[in-house]
Amino acid sequence: MGDFKIIFAGPVGSGKTTAITTLSDEPPVCANQKATDMTGNRKSETIVAMDYGTMSLDGREKIHLYGAPGQEHFDFMWDILTTNGLGLILLLDNTGKDPLNDMAFFLKSFKDYIAETAIAIGITQTDITPLLTMDAYHTKLKALGFNGAIFEVDARNYNDMSYLVQALLFTLDPGLEYSV
Ligand SMILES: Nc1nc2c(ncn2[C@@H]2O[C@H](COP(=O)(O)OP(=O)(O)OP(=O)(O)O)[C@@H](O)[C@H]2O)c(=O)[nH]1
Ligand SMILES: [Mg+2]
């Protein structure tokens with residue numbers, strides 16, 4: 001079997017870069033990373049329009065982890081990133097202005113991809129303010145006509161994130177047991 005590819009999406013600050021950093025075996029290539037500028041007189045920081053890391057599945061298969069840039073003006077990247085992907089992990093910031101609306105927006109933006117693959121949703125920052133209950137997210141997800149697992153996660157926590165990846169893989173093939 002070839003390598004797998006999972007896409008992380010979600011609004012600005014929802015934890016995509018953190019999640020990929022937490023999961024990645026190798027130091028990830030991240031957005032907002034300082035790029036060395038040889039000439040020294042151009043801007044010293046550049047935005048890489050995605051995050052990238054890898055993790056191994058069962059110590060064998062490699063999963064490529066891509067973070068779709070949160071800002072909408074990078075949405076042209078989303079199609080490119082999803083090509084041949086295995087599924088989507090949507091991260092939503094529970095302390096955001098309107099996380100349910102964010103959910104609707106990202107489900108709509110990635111609907112073709114989700115229809116072809118699978119989705120698992122992680123609600124981050126619930127340790128800061130548990131504003132919305134998981135029920136509210138489940139109800140919204142159903143109302144929008146989607147199925148998928150939803151978990152409270154801390155993007156900084158390896159177990160939380162690996163559980164979310166496993167939930168996505170399980171949705172794709174309930175017969176398979178992975179140990180990530
Ligand atoms: N308290 C808390 N902080 C979190 C959690 N998840 C992520 N963070 C923090 O939230 C901040 C934003 O996370 P990022 O990973 O940069 O978010 P992002 O989705 O990559 O944001 P953009 O790249 O701007 O779209 C970081 O400082 C993380 O450490 C969480 O569950 N709880
Ligand atoms: Mg980021």
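In what follows, every heavy atom counts, from backbone to side chain, and hydrogens, waters and symmetry copies are set aside. Numbers here are sequence positions counted from 1. Counting convention: from 1, in listed order, for ligands and their atoms alike.
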Heavy-atom distances under 4.0 Å decide this one: backbone, side chain, both or neither, for Ile128 against ligand 1? side chain
Proximal atoms of ligand 1 relative to Asp127 (non-hydrogen, under 4.0 Å): 1 (N), 2 (C), 30 (C), 31 (O), 32 (N)
Under 3.5 Å, is there a donor-acceptor pair linking the side chains of Glu152 and Thr126? yes
Measure the spacing between CD1 of Ile121 and CG of Leu90 and express it to the nearest 0.5 Å. 5.0 Å
Between the main-chain N or O of Ile123 and the side-chain N or O of Asn94, is there a donor-acceptor pair closer than 3.5 Å? no
State whether the side chain of Tyr113 and the backbone N or O of Gly87 hold a donor-acceptor pair below 3.5 Å, judged by distance alone. yes
Between Asp154, Asp160, Thr95, flag the one that comes closest to atom 30 (C) of ligand 1 by a heavy atom. Asp154
Tell me whether Gln125 contacts the main-chain N or O of Gly96 through its side chain, where contact means a donor paired with an acceptor under 3.5 Å. no
So, regarding Thr124 and ligand 1 (criterion: nitrogen or oxygen to nitrogen or oxygen, under 3.5 Å), is there a contact or not? no
Would you check the N or O atoms of Thr126, main chain and side chain alike, for any that come under 3.5 Å of an N or O of ligand 1? no
Would Thr18 count as a contact for the Mg ion (ligand 2), in the sense that one of its N, O or S atoms lies under 2.8 Å from it? no
Atom indices of ligand 1 within 4.0 angstrom of Ala155 heavy atoms, with elements: 6 (N), 7 (C), 31 (O)
Polar contact flag for Gly10 and ligand 1 (N/O pairs, less than 3.5 Å): no
Do Ile20 and Val12 share a hydrophobic cluster (ILVMFWY, side-chain heavy atoms under 4.5 Å, transitive)? no
Counting from 1 in the order shown, the ligand 1 atoms closer than 4.0 Å to a non-hydrogen atom of Thr18 are 13 (O), 14 (P), 15 (O), 26 (C), 28 (C), 29 (O)
Lys16 side-chain N/O to Pro11 backbone N/O, donor-acceptor pair under 3.5 Å: yes
Non-hydrogen atom of Val153 closer than 4.0 Å to ligand 1: yes
Answer yes or no for Ser14: is there a heavy-atom contact with ligand 1 below 4.0 Å? yes
Donor-acceptor under 3.5 Å (Ser24 side chain, Thr54 main chain): yes
OG1 of Thr117 to NZ of Lys5, rounded to nearest 0.5 Å, is 11.0 Å
So which of Gln125, Lys16, Glu152 gets nearest to atom 31 (O) of ligand 1, if we judge by its closest heavy atom? Gln125
So which bit of Pro11 gets within less than 4.0 Å of ligand 1, heavy atoms only: side chain, backbone, both or neither? backbone
